[in-house]
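Worksheet: the structure to be examined is printed underneath.
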Amino acid sequence: MIFLIYMKSIKQEIIDSIIEQTGLPEEYVCACLEKSARPEWGDYSLACFRLSKTLGKSPDTIAKEIASRIKSTDLIEKVQPVTGYVNIFLSSTKLVEIALKEGIQIPDYGNGKRIVIDYSSPNIAKPFSIGHLRSTVIGNALSKIYTELGYKCIGINFLGDWGVQFGHILDGIKREDDSVLTVDMTKPSDQQPLITFVNKKTGRDLNKYYVISTSANDPAGREWAREVFGMLESGDDRIRCFWEIARKKSIEEFDHIYELLGINFHTDDNRYGGESEITPADINNAVAEMDKKGLTRISDGALIVDLERYGMPTCLLRKSDGATLYAARDVAAAIARYNTYKFSKMLYVVGADQKLHFRQVFKVLELMGYSWAKDCVHIDFGLVRFKSDQGREKMSTRRGTTILLEDVLNEAIKRSQALMKERVPEMADKVSPSEASEVARAVGIGAVIFNDLKNKRIKDVDFNWEQILTFDGETGPYLQYTHTRLDSLIRKYDTAKGLSRPEPDYKLLTASEEISIIKEMIQFPDIVKQSADEYEPSILSNYLLNLAGLFNRYYQIHRIISDDENLSSTRICLVARLKEVLKKGMGFLGITPLEKM
RNA sequence: GCCCCCGUAGCUCAAUUGGAUAGAGCAACGGAUUUCUAAUCCGUAGGUUGUGUGUUCGACUCACACCGGGGGUGCCA
């Protein structure tokens, strides 16, 4: 297994060398060895300040002593003590060889362990707003990253398909066209006009009825919607039939958006679920179990779990009218999922406004005695707000400040098409119309996705058309552009006439720009691991931007394909390896890498 | 009121988890194309890291207080 030596990270190899040669404790070396902040300080630096007190010597002296004990190897070229740091310089030729010979490999950390990821989760009937983009793209990225690290990911799109919002659709229909619904809902024969009516509607139409109902802001309408939902909950077949159609229509609508985003929720490992999956019996069993374990109490007629001693407000399970609440349903859902999947981890990719809710749910699961409660993680992210002239506000359907995700995606595609015409007019001759539209999609959608993934999750975002449609600088199109550049070089090299193609000679890569690329490339596995450990796709995003930047600078200065056939072959090898990394990384983020744009 | 999160260049964000001289992009200005795709690249300018105190060899990072913004907080999800 030759590749095993490459599987061990460079850093680990250095740590091992240092421990072996200096006898320093492993914890210390691991904690104090870091990547050097500047090239003139080498590749890795060991800070010696912490040893100063215990050894009673100055950091400077310690650094000198340690440095003198580390011998050079084929990897460690030079060791230099500087003001309390031991700076370690690695052999460029060795690094080039490591990066180019086998390519960059990502070790298997997961060993097939299961991770359930609850993400996207829009509500049936409610508009699919830009706010849902975050959960969708973050969840998708984490799923791909963990899969690459050897985990088995199960994505669940936990639809909000069970609640009064469904009754509001009917109320909206009634308000708009009451001929369809003047009927007595209790008579099956009168249902047919409604069914025919709804069958002709799209998911977006149904959203419209929801909005009509809620924006009417009529107490009677709300009451009626509640009644309808009550009938659904009590298992009324006729309402159930309508519910099924409405759900199907909504999913068709969602599918269209997910298709644009390149996500498919009709597979075994990535599927639609929903609150409707959790039966009243599931919830009642969970609540009964809490009762039995003495966790619950009645307070003002409501069933609660008192979490005061854990520094949290009480968790409400059941309303005084007997109806169960969100928290009870999520506890029941978590138990059902554990029983089905026996996950090693479950991630809830849900906005930061639900932080308390998940803390409560996880705490209740823990109190119920489920040891896996500690493996449930709320992947929270900042809210999207709408910035108007009056200032910031939460998006509101009623105020008309909701921005539909589909509109944003279509706008991005349009913009990408326009730019293509403007900046690459000859593209029309080179590719077919269908290819061109795929390019426009990948670039436009990639821009929107990347825009969302490039910042730390927790940051709130002000929705801004200009920003989301920017294609210059640190953006998705920048990565795309770099990727097509790499691909174009490879294509050109492969098809060049009269060129001998010798084996790459790694010693030829000596330019500082190409060494920088190599050094950055070999960080890829660590970056992917770190993104997973911190549930933070932005770490990968920023890394890819930096990597692309290094290449674009290099490209500007150096000729890749030249008369020097040995050098060309070696540089193309670098280009090909780099392309593999960029392509993989973009794929993890949910961006489709292009060959031409 | 209480709890949680955020505050870094005009704007949007980084900063190897407490390390050496705080870095990018956008916007502005100046430059690079008979050239492997200029959706690129180079340069100039831009900072008392919200404020204050503390912890220590060292603080954007940790603690406390305050200021500003956001979110949550017993019958929505």
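Letters A, B, ... mirror the listed sequences (proteins, then strands); counts begin at 1. Just so it is clear, the structure is predicted and the values come from calculations on it, not from any experiment.
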Determine the Euclidean distance between corresponding [atom1] atoms of [M] and [N]; express it in Å to zero decimal places.
N: B:U61; M: B:U49; atom1: P; answer: 10 Å
N: B:G7; M: B:A15; atom1: C1'; answer: 16 Å
N: B:C66; M: B:G1; atom1: P; answer: 11 Å
N: B:U8; M: B:U48; atom1: P; answer: 13 Å
N: B:U51; M: B:U44; atom1: C1'; answer: 32 Å
N: B:A24; M: B:A9; atom1: C1'; answer: 11 Å
N: B:G23; M: B:U55; atom1: C1'; answer: 28 Å
N: B:C62; M: B:U56; atom1: C1'; answer: 11 Å

For this session: Specify the residues of residues 41-53 of chain A, ordered by number, for which at least one heavy atom lies under 4.0 angstrom from an atom of RNA chain B.
Result: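 Nucleic-acid contacts, sorted: A:Trp41, A:Ser45, A:Phe49, A:Lys53.
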For this session: Mind listing the residues from residues 451-460 of chain A sitting with a heavy atom below 4.0 Å of RNA chain B? Number order is fine.
Result: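 Output list: A:Asn455, A:Lys456, A:Ile458, A:Lys459, A:Asp460.
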For this session: Using the side-chain hydrogen bond (donor to acceptor under 3.5 Å, both in side chains) rule, take A:Ser569 and A:Asn566 through it: C-alpha gap first, then chi angles, then the decisive distance, then the call.
Result: CA-CA 5 Å; A:Ser569 154; A:Asn566 287 305; over 6 Å; no
Can you measure [X] atom [atom1] to [N] atom [atom2] for me and round it to whole angstrom units?
X: A:His168; N: B:C76; atom1: NE2; atom2: C1'; result: 10 Å
X: A:Ile413; N: B:A39; atom1: CD1; atom2: P; result: 21 Å
X: A:Leu383; N: B:C4; atom1: CG; atom2: C1'; result: 13 Å
X: A:Ile304; N: B:U73; atom1: CD1; atom2: P; result: 16 Å
X: A:Asn542; N: B:G23; atom1: CG; atom2: C1'; result: 11 Å
X: A:Ile560; N: B:U35; atom1: CD1; atom2: C1'; result: 13 Å
X: A:Asn546; N: B:G25; atom1: CG; atom2: P; result: 11 Å
X: A:His357; N: B:C75; atom1: NE2; atom2: C1'; result: 15 Å

Is a side-chain donor-acceptor pair under 3.5 Å present for [Y] with [X]?
X: A:Thr484; Y: A:Asp487; value: no
X: A:Ser36; Y: A:Asn87; value: no
X: A:Tyr326; Y: A:Gln354; value: yes

Exercise. Charged N to carboxylate O under 4.0 angstrom, A:Arg329 versus A:Glu275?
Worked result: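 Yes, this pair counts.
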Problem set entry | A:Arg553/A:Glu513 ion pair, N-O < 4.0 Å |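 No, A:Arg553 and A:Glu513 are not salt-bridged.
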Exercise. Checking A:Arg415 against A:Phe471: charged group under 6.0 Å from the ring centre and within 45 degrees of the axis?
Worked result: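 Judged by the rule (NZ or CZ under 6.0 Å from the ring centre, within 45° of its axis), A:Arg415 counts as positioned above A:Phe471.
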Exercise. So, is the end of the A:Arg501 side chain (NZ or CZ) under 6.0 Å from the ring centre of A:Tyr493 and within 45° of the ring's axis?
Worked result: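 Verdict for A:Tyr493: a cation-pi partner in A:Arg501.
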Exercise. For A:Asp380, which of A:Arg134, A:Arg359, A:Arg457 qualifies under salt bridge (Lys or Arg N to Asp or Glu O under 4.0 Å)?
Worked result: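 The salt bridge (Lys or Arg N to Asp or Glu O under 4.0 Å) with A:Asp380 is passed solely by A:Arg457 among A:Arg134, A:Arg359, A:Arg457.
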Of the nucleotides [options], which one has an atom closest to the side chain of [X]?
X: A:Gln354; options: B:A20, B:A77, B:A39; value: B:A77
X: A:Glu474; options: B:A77, B:A24, B:C4; value: B:A24
X: A:Arg38; options: B:A39, B:U35, B:G23; value: B:G23
X: A:Ala302; options: B:A39, B:G74, B:A20; value: B:G74
X: A:Arg359; options: B:C36, B:C3, B:U37; value: B:C3
X: A:Arg385; options: B:U37, B:C42, B:G70; value: B:G70
X: A:Tyr555; options: B:A39, B:C36, B:A77; value: B:C36
X: A:Asp300; options: B:A20, B:C75, B:A39; value: B:C75
X: A:Lys596; options: B:A32, B:A20, B:U37; value: B:U37
X: A:Gln556; options: B:A39, B:C75, B:A32; value: B:A32

Exercise. Mapping A:Arg491 and A:Val86 onto RNA chain B by nearest heavy atom, which one lands closer to the 5' end?
Worked result: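 Between the two, 5'-proximity favours A:Val86.
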Exercise. Should A:Asp462 and A:Asp460 count as side-chain neighbours, where that means a heavy-atom distance under 4.5 Å?
Worked result: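 Not in contact.
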Exercise. Which part of the nucleic acid, if any, lies within reach of A:Thr482 when heavy atoms closer than 4.0 Å are counted: base, sugar-phosphate only, or nothing?
Worked result: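 The answer is nothing, as A:Thr482 stays clear of every strand by at least 4.0 Å.
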For this session: State whether the distance check finds a donor on one side and an acceptor on the other, under 3.5 Å, for side chain A:Asp472 versus base B:A27.
Result: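 Checked by distance alone, the answer is no.
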For this session: Please lay out, stage by stage, how A:Asn552 and A:Tyr478 fare under the test side-chain hydrogen bond (donor to acceptor under 3.5 Å, both in side chains).
Result: CA-CA 10 Å; A:Asn552 284 323; A:Tyr478 181 82; 3.1 Å; yes
Can you tell me if [X] touches the phosphate of [N], counting only side-chain N or O atoms and a distance under 4.0 Å to OP1 or OP2?
X: A:Arg485; N: B:A39; answer: no
X: A:Tyr481; N: B:A38; answer: yes
X: A:Tyr478; N: B:C41; answer: yes

Exercise. Angle class for the A:His558/A:Tyr554 ring planes (parallel below 30°, perpendicular above 60°, tilted otherwise)?
Worked result: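 Plane angle between 30° and 60°, so tilted.
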For this session: Describe, in one word, how the ring planes of A:Trp243 and A:Trp162 are oriented to each other, choosing from parallel (under 30°), tilted (30 to 60°) and perpendicular (over 60°).
Result: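 Perpendicular.
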Exercise. Would one find more than 12 heavy atoms of other residues, nucleotides or ligands at under 6.0 Å from atom CG of A:Asp321?
Worked result: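 Counting neighbours around CG of A:Asp321, more than 12 heavy atoms of other residues, nucleotides or ligands fall under 6.0 Å, so yes.
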Exercise. How far apart are the C-alpha atoms of A:Asp526 and A:Lys11, what are their side-chain angles, what is the distance that settles it, and do they pass the salt bridge (charged side-chain N to carboxylate O under 4.0 Å, His left out) test?
Worked result: CA-CA 10 Å; A:Asp526 288 344; A:Lys11 187 175 177 181; over 6 Å; no
For this session: Would you sketch RNA chain B in dot-bracket for me? Only Watson-Crick or G-U wobble pairs with both distances under 3.5 Å count, crossing pairs as [ ], other-strand pairs as |, the rest as dots.
Result: (((((((..((((.....[...)))).(((((.......))))).....(((((..]....))))))))))))....
